[in-house]
Amino acid sequence: GIVKRLFHRVEHICIPELSGHKITVSLGIAFKKEDDGLDFDSLYHKADICTYESKKTTGNAYTILESE
């Protein structure tokens, strides 16, 4: 629900200088389990990989990766 609300709000941003072009968002989401031992940098790297996967889709997109 949070991601859908974010996409909805972004779709309604009006910036006159964009001449009618829409803003879209590509998100990468990585979840950490309490006992998996991932540090911040590792988790950030996983989310970054997901972000670039989302960028392959036109428009708003998100990719979720759960830690193994």
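The two residues C50 and G28 have their closest heavy-atom pair at CB-CA, 3.5 Å. Nearest heavy-atom pair across T24 and N60 is CA-OD1, 3.2 Å. Considering every non-hydrogen atom in both G37 and K32, the closest pair reads N-NZ, 4.2 Å. Annotation for A30 and A47: closest pair CB-N, 3.8 Å, computed over non-hydrogen atoms.
In the displayed structure, Y62 atom OH is contacted under 6.0 Å by at most 12 heavy atoms of other residues, nucleotides or ligands.
Residues meeting the salt bridge (charged side-chain N to carboxylate O under 4.0 Å, His left out) test with K56, sequence neighbours left out: E53. For T51, the side-chain contact (heavy atoms from CB on, under 4.5 Å) partners at least two apart in sequence or on another chain are K55.
Two residues are said to be in side-chain contact when any heavy atoms from C-beta on lie closer than 4.5 Å; K46 and L38 meet this criterion.
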* Would you please test L6 and L27 for side chain to side chain contact (heavy atoms under 4.5 Å, CB included) and show each step? => CA-CA 11 Å; L6 173 67; L27 293 175; 3.9 Å; yes

* Would you check, one step at a time, whether the test side chain to side chain contact (heavy atoms under 4.5 Å, CB included) holds for I49 with L65? => CA-CA 9 Å; I49 290 169; L65 175 75; over 6 Å; no

* Is there a side chain to side chain contact (heavy atoms under 4.5 Å, CB included) between V3 and I29 once you walk through the steps? -> CA-CA 10 Å; V3 173; I29 303 168; 4.0 Å; yes

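A continuous path of Ile, Leu, Val, Met, Phe, Trp and Tyr side chains, each step under 4.5 Å between heavy atoms, connects L18 with V10, placing both in one hydrophobic cluster. In terms of hydrophobic clustering, with Ile, Leu, Val, Met, Phe, Trp and Tyr side chains grouped at heavy-atom distances under 4.5 Å, V25 and I13 are assigned to a common cluster.
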